[in-house]
Amino acid sequence: MKTYKLLTPGPLTTTMSVKEQMLFDHCTWDDDYKQITQWIRAELVRIANCSPETYTAVLMQGSGTFGDEAVLTSVVGDDEKVLICSNGAYGDRMVEVCRHARVPHAVYSEPYSDIPHVERIREMLDADPAITHVCMVHSETTTGLLNDIAPVGELCHERGLTFIVDAMSSFACVEMPVEDWHIDFLVSSANKGIQGVPGFSFIICRRDKLEASAGKARSLSMDLYDQWVPMERDGKWRYTSPTHVVLAFAQALRELEEEGGIPARAARYAANQRLLARRMEAMGFKAYLDHHQGPIITTFYYPQGATFSFAEMYDYIKDHGYVLYPGKLTDEETFRMGNIGEIYEEDIMNVTDALADFLAQHSA
Ligand SMILES: *Cc1c(COP(=O)(O)O)cnc(C)c1O
């Protein structure tokens, strides 16, 4: 089998030592397994810069969307209303979640190249006093844009509203004082910045807000509070846990610490992104965003007058050991390159060299 590295922002390239953890079939009811779950939960709260008295963590089977859906359908009551601020496909997906589950919601949309503005959110809250929760995406993986969530957290805190953040592709990729930013529910998943494999999402929750959500859930298996109760008691997952994924995730957390924690990882990712953007621009691949570009994934236009298809470029680069990511914009011809996971400066050099060769073969 020909191997390659993923320049997709989740699933992403993991270390061999993370993958090796999955060679063992661990039983689920022993104390030692429950202790692994408890250690993971405590680590998540710690690296989120939250105090364990005020915050707790819930692990939830499924991909990241299941985590978003668990929160939205569990913590917004029938007599409450969530304002979803969207500037990308992932924000739009949360609107879809609310529609499907009939969660009362309002929508504030911005173009994918702009950010939701706190002044506008303030106006919407003034105009609609029924709003009790505000929800937004931190890193919009659709474009690579990093939203400014801290002032929105401050506003929610001022008004006693609940603040929900999809930090799927930013958690552990950028430093985030979750408690200081007044985030009440933060969702991320195993296969993004922590560099585990896909299989569960996790939610960092303010304890009082989680407890207040008891009985509100619309789903049995994705009831956030009911998932938390046995997990909090002794580390037991309510239904079958993804044991191999959990073992791999624990190893990924240890390796995050060995790298120097989130500050070191964030610095590596940011350096990757800067190098990538610089080398791509030099070849004529202009970045889609000129403001608010985040350090996780970059959307590029094709060079002027390009005559090749994404599929041709994709196949060529894959043969050279890297996997690119298609664009997710409906109105623009673009593609994306992630730079998180086991990706280093050397990889950015390799892939951009391969792209330069590809371009040379396709220029008239
Ligand atoms: C990856 C991601 C998700 C979750 O997607 P899944 O395919 O369900 O894992 C949600 N929001 C954002 C911003 C993401 O990057």
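In listed order, ligands and their atoms are each counted from 1. Just the heavy atoms: all of them, side chains too, but no hydrogens, waters or symmetry mates, feed the values below.
- The side-chain tip of Lys328 points at the ring of Tyr90 from less than 6.0 angstrom away and within 45° of straight on.
- Ring pair Tyr301/Phe335: centre-to-centre distance not below 6.0 Å.
- Ligand-side atoms of ligand 1 in range of Thr141: 12 (C), 13 (C), 14 (C), 15 (O), range being under 4.0 angstrom from any heavy atom.
- Polar contact check, Asp166 against ligand 1: a nitrogen or oxygen pair lies under 3.5 Å apart.
- Nearest to atom 3 (C) of ligand 1 among the protein's heavy atoms is Met168 CG, 3.4 Å.
- Near Thr65, with a cut-off below 4.0 Å to any heavy atom, the atoms of ligand 1 are 4 (C), 5 (O), 6 (P), 8 (O).
- The pair Arg93-Glu96 fails the salt-bridge criterion, with no side-chain N (NZ, NE, NH1 or NH2) lying under 4.0 Å from an Asp/Glu carboxylate O.
- The closest side-chain donor-acceptor pair between Glu110 and Ser86, if any, does not fall under 3.5 angstrom.
- Remark: ligand 1 atoms within the under-4.0 Å shell around heavy atoms of Ser169 are 15 (O).
- Summary of contacts: the protein heavy atom closest to atom 2 (C) of ligand 1 is Lys192 NZ, 2.6 Å.
- Distances below 4.0 Å separate heavy atoms of Gly64 from the following atoms of ligand 1: 4 (C), 6 (P), 8 (O), 9 (O).
- Within the 4.0 Å heavy-atom cutoff, Arg93 counts among the residues contacting ligand 1.
- Counting all heavy atoms, side chain and backbone alike, Val58 lies closest to Cys205 at CG2-SG, 3.9 Å.
- Remark: ligand 1 atoms within the under-4.0 Å shell around heavy atoms of Val137 are 13 (C).
- A salt bridge is absent between Lys236 and Asp234; no separation between the charged side-chain nitrogens and carboxylate oxygens falls under 4.0 Å.
- Interatomic distance, NZ of Lys216 versus OG1 of Thr73, reported as 12.5 Å (0.5 Å rounding).
- Listed by atom number, the atoms of ligand 1 under 4.0 Å from Ser139 heavy atoms are 13 (C).
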